[in-house]
Each structure stands twice: as structure tokens, then as C-alpha cells.
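As the structure is a computational prediction, the values presented were derived from the model and not from experiment. Counting from 1, the numbers follow the sequence of the chain as shown.
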Amino acid sequence: MASSLVNGLTDLFKAQALGPFAAQTGESESSVLRGFETTTGTMLTGLASRLGQSGFGRQIFDLISSPANNTGVLDNVRSLVTAGPDRSSDSPGPRLLSMLFGGQQSAIGEAIGRASGLRGSSVASMLSMAAPLLLGWLGRRVRDGGMDVSKLTGFLSQEAAGVRGALPAEVRNLVGGETRDEYATVPPVAAGVVRERSNRWLWPLLLGLLILALLIWWFARRPHAGPAEVATTATDLVTRHLPNNVDLRLPTGRMEDNLLAFIQSPRPVDDTTWFDFDRLLFDTNSATLQPSSQEQLHNVAEILKAYPNVHVKIGGYTDNTGDPNANLRLSQQRADSVKQELTGLGVSADRMEAQGYGDQHPVADNSTEEGRQKNRRISLRVTQK
């Protein structure tokens, strides 16, 4: 792969840990080496594909610059093999994987395994090992090169440019690094028509009618439209100091700020006080969280970690479009996905309960698109202070 980062890490792994890792997992050295190169390329591509999201560059820079990021691991890569994967959600390695892949980590691991010929358990161990190595390498680069957020994001984008095309297509599609051509969004049959480059006026008209028909068909059959919540842009930020000496920059008067105020207040918990996430996005008709959701999830996780006695319930809701049973399943899956993400960010799973309510408890009129959009939501309620 045309990347000094991926090549450097692969050479480091090959020199210090290839043999021990292959022996421990029972995999061939050629498959392990191919898998490691694909794994590091996948993480780099995942980083670069998310740099355009608001605040993501700063989050990555802070993670790399954190005292918990051990750059010394580069001098003893073999220790990561003998120690086994670090599953502590407070460690920077698992946090990086959660930020990059979210609920898709298993699917990405399976795709890497198919591409490199490794078993799923071996890829999981490799991801757990490659993440701290990547962070350590970037930590040294930031320190020795005097990088700030801007320079780091520029470096990552440049490095990823030489990696995307070398990744297996299945992996590239999952991490969002696929390079699309001008026909990528056209249905296959219509794409063949466009590529003929005919000058006849009839073909553009037919193509437009085909696309319109497909859109009408899709909107008519979907059981549940759109993401669960609407992403909104927060402009007014305030710093909140938490009891564990963490300072959070929160949007004033929004979900996280209101949740924190409730926890800090003497108000008792009740069954009616819910806080609606306002910056979570899911893929359509899916429980897969989009990477832009990480900022709000991170804020909520930090608040909950600062107040370890607090327990919460996560509620998933849909509008009343489509099959009620399908909506109920989707709402449960989305609530579970949010719980899983918060667990990955360091909140103990036994402090959280997730329940899907489907189209129950609407907060707006389902007869309008605006109302349905408000009803598609994820909410959180404090059940214990």
C-alpha cells in the first residue's frame, strides 16, 4: 500500500511480532501479514473518511495526545501479543475502534478475515493489537513533528489517498472509503445506457423517468422512513466541569447539558422525564449508527462515567409508518445499538437498560412528515441517581 504509515507499521509488526502472533493464533505467517496490512489500511481509511465531520479531528487529536496513549508500545510490539487484547473501554485502543467502526466492527472484521484468509477470532485480536500501535505511531508523529489538529488531518488525508484503492472492495464499502465514479449512484441497467454517451434526447428522459419511478416505489414500500433523529448544529458551547476532573464542551441547553443539570439537581427521578438525543443518526431502516453520532454519545458517556451511581433507561421509538411489528423490532435494535456504543465508551452495561417502544408514545402528529420525524427518536431517562 502506498502509505508510509501502513508500510511503517507493517514492517514494525513483521520484525517484532509476526512469528509470535502466527504461532499464538495458528494462522500462516503470510495470511497474518496480509491481514495486518489490511487492518491498518482499514483503520487509516476509516479515520480519513470521518475527518470532515464536525469535531472529529479534534476528538482524534485529543485521543492521540492523551497521556493514556503509550507510544512506548512501538518498541515492544511483541508485548501486545503475549498480553492479549486490551478490552478496557477506557483504553485508547478500544475507544479508537469504537469511534471508527461503531456497531460495524464485527462486520468489518469478518470482511478483513475473508480478504486475508484469517479466522474471525484472529482478526479480532489483530484489531485490538493494531489500534494501540496506530495510536502510538501517530502519537510520536504528532509529538516529533509538532503537529496541531490541522496538520494531523492533512497528514491522515494524504496517507489514506494511497490506501483506499488497495483495500478489498467489501472492506472499502463498509468503512466509507470507496472511490466512486460518475455512474456509481445510477442503477446498473441505467448506467449502461449512460455510458453509451448517446446524444439522443430520449435516453436522458427515460433515465429520469426510471429514477423517479424507483424513488416513488421506494418511498411507498419503506416500513420506516429516514434516520431516527435529526442532526442539528450547535453553535453555543459551554464548558462543564465534571466531578472526575473532566471538562466537557457542551451545546448550551441541549440534551447533554439538560441531562447533566438534572443529575446535578436535587430533583428526584421519575417515570416521565426523558431526554431526547438530538444529534444521533442511523442508516435508513437500520440500527447502524452513523459516525456523526459519536460526539453526542461521547458526551453522554463522559457524564455517566462522572456519576457512577446514575442508572439510565434508553428508549427507542418510531413513527407509525409501515408494519408495527417491524417498527417495534427496529426500535429495540436501535436502543440496543446506543447501549452498545455507550458500553464501548466506558459505561458499565449493568447501569443501562434498553427498550424499544415502536410507534407507542408519540410526541407529535404522525399525519405530517415533521411530526413523524419527531417521533423517530432515541431518548434517555435517569432511573437512579
request  = Run through Arg50, Glu341, Gln59 and flag the one making a side-chain hydrogen bond (donor to acceptor under 3.5 Å, both in side chains) with Gln294.
outcome  = Glu341
key: Co-membership, hydrophobic cluster, residues Leu260 and Val246, 4.5 Å side-chain   = yes
message = A quick test of your reading: do over 12 heavy atoms of other residues, nucleotides or ligands sit less than 6.0 Å from CD of Gln384?
response = yes
request  = Check the side chains of Thr273 and Asp270 for a donor-acceptor pair under 3.5 angstrom, ignoring hydrogens and angles.
outcome  = yes
task = Treat each ILVMFWY residue as a node, draw an edge where side-chain heavy atoms are under 4.5 Å apart, and state whether Val149 and Leu44 are in one component.
result = yes
inquiry  = Test of understanding: clusters of I, L, V, M, F, W, Y form through side-chain heavy atoms closer than 4.5 Å, transitively. Do Val363 and Trp274 belong to the same one?
reply    = no
ask   = When clusters are formed by joining ILVMFWY residues with side-chain heavy atoms under 4.5 Å apart, either directly or through shared neighbours, do Ile314 and Val269 land in the same one?
value = yes
request  = Verify the distance criterion only: is there a donor paired with an acceptor across the side chains of Ser28 and Ser31 at less than 3.5 Å?
outcome  = yes
query = To the nearest 0.5 Å, what is the distance between CG (Asn366) and OG1 (Thr318)?
reply = 8.0 Å
request  = Give a yes or no on this: more than 12 heavy atoms of other residues, nucleotides or ligands lie within 6.0 Å of atom NZ of Lys14.
outcome  = no
task = Indicate if Leu18 and Leu74 have the same hydrophobic cluster label, given that clusters are the connected sets of ILVMFWY residues with side-chain heavy-atom separations under 4.5 angstrom.
result = yes
Any donor-acceptor N or O pair under 3.5 Å, side chains Thr252, Asp257 = no
task = Could you tell me which non-hydrogen atom of Asn375 sits nearest to which non-hydrogen atom of Tyr317, and how far apart they are?
result = O-CB, 3.4 Å
task = Heavy atoms only: give me the nearest Phe282-Ile378 pair and the separation to one decimal.
result = CE1-CG1, 3.8 Å
task = Report the residue from His298, Glu302, Arg279 that forms a side chain to side chain contact (heavy atoms under 4.5 Å, CB included) with Glu256.
result = Arg279
Asp148 versus Ser150, side-chain donor and acceptor atoms under 3.5 Å = no
query = So with a 6.0 Å cut-off around CZ of Arg78, is the heavy-atom count from everything else above 12?
reply = no
task = Compute whether any side-chain donor of one residue and acceptor of the other, for Glu27 and Ser122, lie under 3.5 angstrom apart.
result = yes
